[in-house]
**Student:** 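Okay, handing you the structure first.
Each chain gets a letter, A, B and so on, in the order the sequences are listed, and its residues count up from 1.
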Protein chains: 2
Amino acid sequence: MGGMTTARPRARRADAERSIARILAAARARLAADPNATTDDIAKAAGVGRMTLYGHFRTRAELVEAAMVDALRAAEEPLAAVDLEGDARTVMERLLESSWELVAESGALLDAAQGVLPAGRLRELHEGPAKRVEELIERGREEGAFRTDLPTVWLVSVVHYILHGAAAERTAGRLRKAEAGPVAVKSVLSVLAA
Amino acid sequence: MGGMTTARPRARRADAERSIARILAAARARLAADPNATTDDIAKAAGVGRMTLYGHFRTRAELVEAAMVDALRAAEEPLAAVDLEGDARTVMERLLESSWELVAESGALLDAAQGVLPAGRLRELHEGPAKRVEELIERGREEGAFRTDLPTVWLVSVVHYILHGAAAERTAGRLRKAEAGPVAVKSVLSVLAA
DNA sequence: TAGAACTCGTACATCTACGTACGAGATAAG
DNA sequence: CTTATCTCGTACGTAGATGTACGAGTTCTA
């Protein structure tokens, strides 16, 4: 290969980059709130025409996947920045406080992707971030801080279900914005505790 | 009024009753598995023609509501039969063991009903059974068995999210059929414990 | 067994969402 | 300024799902 990292014939124009960013942001927000959100909904939320959206994403499935990838990438960032010093419980608390919303959003997007993306592709995408939580839970079990009477795979899942629930309750107005986070974190830690 | 409790001109025929029962059972199963199940899916699962279904339920929304009512009625039964003697934790354990699947099913149907039924109607239907869980949680808080650092409304919700999650994990094959129940019960009790 | 109730296939009208085609006008890049 | 890129409206074709209309055949009920 001649030194080019991508095979793109030419760079995108600046306004195109902007449009794509707005569409992805809107897709993440709308799809997390409603897995059945239409391309029209998303285009309107992004403030662009539907045809502009189709100019950048050929199909709805492609858009859903791109939104998923974007959300997971966004979630990975604070997860990677978390200080891993200290006992597992403390680390988990820090991790959740800094990223529970992003993790919950990714979970909601997973719902939206269910059925439009092949199952294998989903697991593949979701694997990276989930691995991080899983490893921390494993570590907590070895340290004696987390319970060992339930399968690890379930503990990983239940974290997602609780975070998703907290986000949903906040959206529904049954939890105040400020209390949803602490409530979710406390609940998760209670389930994990030995 | 002349003593008639219903205005029905005549009784339904036996085969009609049978059809309705099969349709409702199929609707509960299919909608719990997939909130977007079509009337055709449900009719096929029930082993009746789509037109028969429409003969008994005018619209899809009406069918969803009927399925919801039926599932809630079914869930109410074992809930009402639970022995209330003993401390709140023990009672909650008995209650969950005997009915966690039905409660989880109702939760899944709630998803399906979201958007097709008016929000008020949903809350109205769901109120009865939820009340039962809520009262038990309140009682546990007063007894000192359950935590008081989180809002009761959230504790009620989180019970549902965990049960729903356990059912989903089992369906996905990540939990064995036999272990899903105990896993769900243990997890819920951990979150509720003081 | 006569009649009413029920089943259920086919055909059709409607609606909604996806995705395509075309093209005029706006905007960024060189 | 010139050109390629991008935006985005309108219009169209397609597909799937809902709900209606008709009618022939079947099964309960009395």
**Student:** Considering the terminal five base pairs at each end of the helix from C:dT1-D:dA30 to C:dG30-D:dC1, what angle separates the two local helix axes, rounded to 10°?
**Tutor:**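 Here the helix ends are tilted 30° relative to one another.
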**Student:** Please report the distance, rounded to the nearest Å, between OH in A:Tyr54 and P in C:dA21.
**Tutor:**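 Roughly 13 Å, once rounded to whole Å.
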**Student:** Mind checking side-chain contact (heavy atoms from CB on, under 4.5 Å) for B:Ala145 and listing every partner two or more places apart, or none if nothing turns up?
**Tutor:**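 Counting only residues at least two positions away or on another chain, B:Ala145 forms no side-chain contact (heavy atoms from CB on, under 4.5 Å).
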**Student:** How would nucleotides 6-17 of chain D be written as a contact map, 5' to 3', with B for base contact, S for sugar-phosphate-only contact and - for no contact, using protein heavy atoms under 4.0 Å?
**Tutor:** SSBBB------S
**Student:** What residues, two or more places apart in sequence or in another chain, satisfy side-chain contact (heavy atoms from CB on, under 4.5 Å) together with B:Ala25?
**Tutor:**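 Checked B:Ala25 against side-chain contact (heavy atoms from CB on, under 4.5 Å); zero matches.
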**Student:** Measure CG/B:Leu53 against P/C:dC8 and give the value in whole Å, please.
**Tutor:**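 After rounding, the reported distance stands at 11 Å.
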**Student:** Tell me the interatomic distance from A:Glu62, atom CD, to C:dG19, atom P, rounded to whole angstroms.
**Tutor:**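 Distance, rounded to whole Å: 10 Å.
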**Student:** Which atom pair, heavy atoms only, marks the closest approach of A:Ser157 to B:Glu169?
**Tutor:**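 In terms of heavy atoms, the two residues are closest at OG-OE1, 3.1 Å.
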**Student:** What residue pairs, at least two apart or across chains, pass ring pair (Phe, Tyr, Trp, His ring centres under 6.0 Å) with a residue in residues 169-194 of chain A?
**Tutor:**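 Residue pairs with at least one partner in residues 169-194 of chain A: there are none.
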**Student:** With ring pair (Phe, Tyr, Trp, His ring centres under 6.0 Å) as the rule and sequence neighbours excluded, what pairs involving residues 175-194 of chain A come up?
**Tutor:**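 Pairs touching residues 175-194 of chain A that pass the test: none.
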**Student:** Please list all pairs passing the ring pair (Phe, Tyr, Trp, His ring centres under 6.0 Å) test where one or both residues lie in residues 145-176 of chain B, with sequence neighbours left out.
**Tutor:**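 For residues 145-176 of chain B, and leaving out neighbouring residues, the ring pair (Phe, Tyr, Trp, His ring centres under 6.0 Å) pairs sorted by first residue read B:His126-B:His160.
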**Student:** Would you please name every residue forming a side-chain contact (heavy atoms from CB on, under 4.5 Å) with B:Glu101, sequence neighbours left out?
**Tutor:**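 B:Glu101: side-chain contact (heavy atoms from CB on, under 4.5 Å) contacts with B:Arg170.
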**Student:** What is the distance, rounded to the nearest whole Å, between atom CD1 of B:Ile23 and atom P of C:dC6?
**Tutor:**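 Value for this atom pair: 12 Å.
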**Student:** Scan residues 42-56 of chain A for pairs that pass salt bridge (charged side-chain N to carboxylate O under 4.0 Å, His left out), counting only residues two or more places apart or in two chains.
**Tutor:**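 Salt bridge (charged side-chain N to carboxylate O under 4.0 Å, His left out) check on residues 42-56 of chain A returns A:Asp40-A:Lys44.
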**Student:** So which nucleotide from D:dT29, D:dT20, C:dC18 ends up closest to the side chain of B:Ala14?
**Tutor:**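 Looking only at side-chain atoms, B:Ala14 lies closest to D:dT29.
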